[in-house]
Participant: 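Got a structure for you, written out below as structure tokens; questions coming shortly.
Chain identifiers are assigned alphabetically (A, B, ...) following the order of the sequence lines, protein sequences preceding nucleic acid strands; residue numbering begins at 1 within each chain.
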Amino acid sequence: MKVTLFHFMPHRDLPADFEHRYRSSWVDVPWWELGDPQQVQRYYNWSLDELLLGARLGFDGVGTNEHHQNVYGFWTNPNLAGAILAKITHDENLPTAIVQLGATITSTTPPVRIAEEYAVIDCISGGRLVAGFPVGLSADANISYGIPPIESRERWREALDLILKAWTARDYFTWNGKYFKLPRVNLWPRPVQDPHPPILIPGAASSSTWDFVHDRDYSYAFLSYFGGQSAINVADRFWERAVAKGRDLNPYRLAYLQLVGVAPTDEEAEKLFAPHVEYFYHKLLHLPTFYTSAPGHTDYRSLVFLFTGGTHKYLDLAKDLKALKAIDMYREGFVVVGSPNTVRQRLISEVQRLRAGHLMVVLQFGSMPHELAKENIELFSREVLPALRSLWDNEGWEPRWWPKAAHVPAGASA
Amino acid sequence: MTVVEPEVRHVSLQHLDFTAAVRIGGKGKPVVYFHTAGGPRWDRFVQELARSYTVIAPDHPGTGNTERDSIYRFQDLWDLLYMYDELLDRLGYSRVTFIGASFGGMVACELAAFRPERVEKLLLIDPIGIWLDERPVVNWMLLYPEELVPILFENLEAEPVKEFLTLPTDPQEAALAQAELVWTFGATGKFVWPVPDTGLAKRAHRIAAPTLIIWGERDRLIPVDYAWEFQRILPNAHVHIVSSAGHVPQWEKLEEVVRVSKEFIG
């Protein structure tokens, strides 16, 4: 099992009436009312310190992502954080993977810019990069960065092909694509990992993405925000498609991301994390459907399925989550909160049920202050992480989607 | 009232190997009607036109009776114009009147600028396609239905508006209609995202045809200031303002818009 500490870098001090005052947590939030450079300076440094703490305490990986013009998480370019983490872990001789989940190639022009930045991180870290390639939310690629929604998926696929060729081609080449045209591609530098860093594709629940991932033999990550049953639905169909595509059942094909809160007892944990859980779901996920997916962003078949299938209980996050209290979210299994024993059992049973070889945990979420985040990371790494490490070892699968240089020895946890 | 039902015709084109779908109905001299971003509707306005004219109304790619994924073959506005140009050739209309509402107004203008000689007269109803910084056009693709309705309409009591706002009673049918509308916005949005300024203002000088610009006085999607801007950039245009109407005056003040349109088309 590979366990990554993931961080969104959220705004931690939104006002109590935020979700009533503003239309969404994305693109509508006025900087001049809620942004404060002094405060934001602390957020970035706290977030980096929290990830570095995780690296020092033996997490297999540390992860960041890309979002724009929002308060949910604003690393903006994850490669800025990735470069810092690569350098410091290098200097401290920490074998932690740098999991970029990732740069939005859909709206980065030209996409070879990301090929370069990822290669730089792979070089600085000595080959510890996991290269994530999200399609990107509409709020990011379409609204913040102006790409027509109906082009998102095609641009993403073309950009990925271009990046892979730029990393691996022995000679320079001309790229004459539908969306990108470059007279000469001759990338400097190239990644340390040969032929290229492992590829991780995050997704929601689109069947076309599963098939794509299996066709290319990549690994797939999904964000589990809405509890066990929705995660099981996704994972079961992901594995069905793997079998249909003739792939093996190597659990490292699948990663999933989960918010986790650990405290000495269940009661303490439920009380301690409740405000931060509610803050995350009510304020940070204050997100209308057309910001997640503007018209055209979702293909026709998926759209009809989405509207008529009734598979998604929480379609409009800006509306459908507001009635839920933290206790409801615990009950529905949105987050894993409890004593070390509870969290261990929950995570082990979920990971096994989903057949996921990669677990990404978010241990600072919502308004959680720096001190509590550190306690959560320390307790998780001491009491939970060691029990997860050896999962899947008995089946003998290779972690094929993990950098060879990023190898945390068993028993490395504090 | 008897409705003149349109015939649906499919036409295979060379350009992009696209199969166009056209609704043709009515009798009289031909007029071409370009639909809004909401997709094809043989609505009350078109029905009224079909009493006096043969209305030829093509579906925008990816919408109506066209193959949904065909939109992926279109790279940009050029592809759309080449496609419509070939379609009109294939249908045998070398010179006709173009009518377009909202997004369809932009298409009519762009095609008229591309091939000025094929336009007899140009009738525009609250068209998009140009941009004034001080009067931004509202992005209709980023709104809840309950936000979109008051932006589209001033007169909610007009019959065609009420018909539009009456959703199918069958929940499955209603869900499918909603999915269709989202997709249609996406397919037409291809040509106007992120800012509905196609560069038309640079090309409008090429349009010599007599032009009538009809505009709802209370249009909250693209305000009436744009009527005067369109008149300024089009060489031969007159403006008719429809009072107490929003973005869809042809529904909100059906009789007035039909009367003015017929007087203009002749």
Participant: Tell me whether A:F180 at atom CZ has more than 12 heavy atoms from other residues, nucleotides or ligands lying less than 6.0 Å away.
Facilitator: yes
Participant: May I ask you to check whether over 12 heavy atoms, not counting those of B:Q14, lie within 6.0 Å of atom CD?
Facilitator: no
Participant: Near A:W31 CH2, under 6.0 Å, is it more than 12 heavy atoms from other residues, nucleotides or ligands?
Facilitator: yes
Participant: Is A:I143 in contact with chain B via its backbone, its side chain, both, or neither, using a 4.5 Å heavy-atom distance?
Facilitator: both
Participant: Below 4.5 Å from any heavy atom of chain A, which atoms of B:E147 appear? Answer side chain, backbone, both or neither.
Facilitator: side chain
Participant: Where does A:S138 contact chain B at under 4.5 Å (heavy atoms): side chain, backbone, both or neither?
Facilitator: neither
Participant: Evaluate the criterion side chain to side chain contact (heavy atoms under 4.5 Å, CB included) for residue pair B:F74 and A:I150; output intermediate values, then yes/no.
Facilitator: CA-CA 11 Å; B:F74 288 74; A:I150 205 149; over 6 Å; no
Participant: Measure B:I71 against the heavy atoms of chain A and call it side chain, backbone, both or neither at under 4.5 Å.
Facilitator: side chain
Participant: So, taking the atom named OH in B:Y72 and the one named CZ in A:R153, what distance separates them when rounded to the nearest 0.5 Å?
Facilitator: 8.0 Å
Participant: Between A:Y300, A:Y179, A:Y291, which residue shows the highest count of heavy-atom pairs closer than 4.5 Å to chain B?
Facilitator: A:Y300
Participant: OG1 of A:T308 to CD of B:Q172: how many Å apart, nearest 0.5 Å?
Facilitator: 5.0 Å
Participant: Is atom CZ of B:R9 surrounded by more than 12 heavy atoms (other residues, nucleotides or ligands) closer than 6.0 Å?
Facilitator: no
Participant: If you draw a 6.0 Å radius around NZ in B:K162, do more than 12 non-hydrogen atoms from other residues or ligands fall strictly inside?
Facilitator: yes
Participant: Between CG of A:L303 and CD of B:Q178, what distance do you get to the nearest 0.5 Å?
Facilitator: 9.0 Å
Participant: Counting only heavy atoms not in A:R113, do more than 12 fall under 6.0 Å of its CZ?
Facilitator: no
Participant: Please report the interatomic distance CG(B:L176) to CZ(A:F307), rounded to the nearest 0.5 Å.
Facilitator: 10.0 Å
Participant: Answer yes or no: is there a side-chain heavy-atom contact under 4.5 Å between A:N142 and B:W193?
Facilitator: yes
Participant: Is there side-chain contact between B:M141 and A:F290, with heavy atoms separated by less than 4.5 Å?
Facilitator: no
Participant: Answer whether the closest heavy-atom distance between the side chains of A:P288 and B:Y144 falls below 4.5 Å.
Facilitator: yes
Participant: Just by distance, do the side chain of B:Q75 and the backbone of A:K178 share a donor-acceptor pair under 3.5 Å?
Facilitator: yes
Participant: Among B:A174, B:P171, B:G186, which residue forms the greatest number of heavy-atom pairs with chain A at distances under 4.5 Å?
Facilitator: B:G186
Participant: Heavy-atom pairs under 4.5 Å with chain A - which of B:T184, B:L142, B:V182 has more of them than the others?
Facilitator: B:L142
Participant: Considering only heavy atoms, which portion of A:R23 lies under 4.5 Å from any heavy atom of chain B: side chain, backbone, both, or neither?
Facilitator: side chain
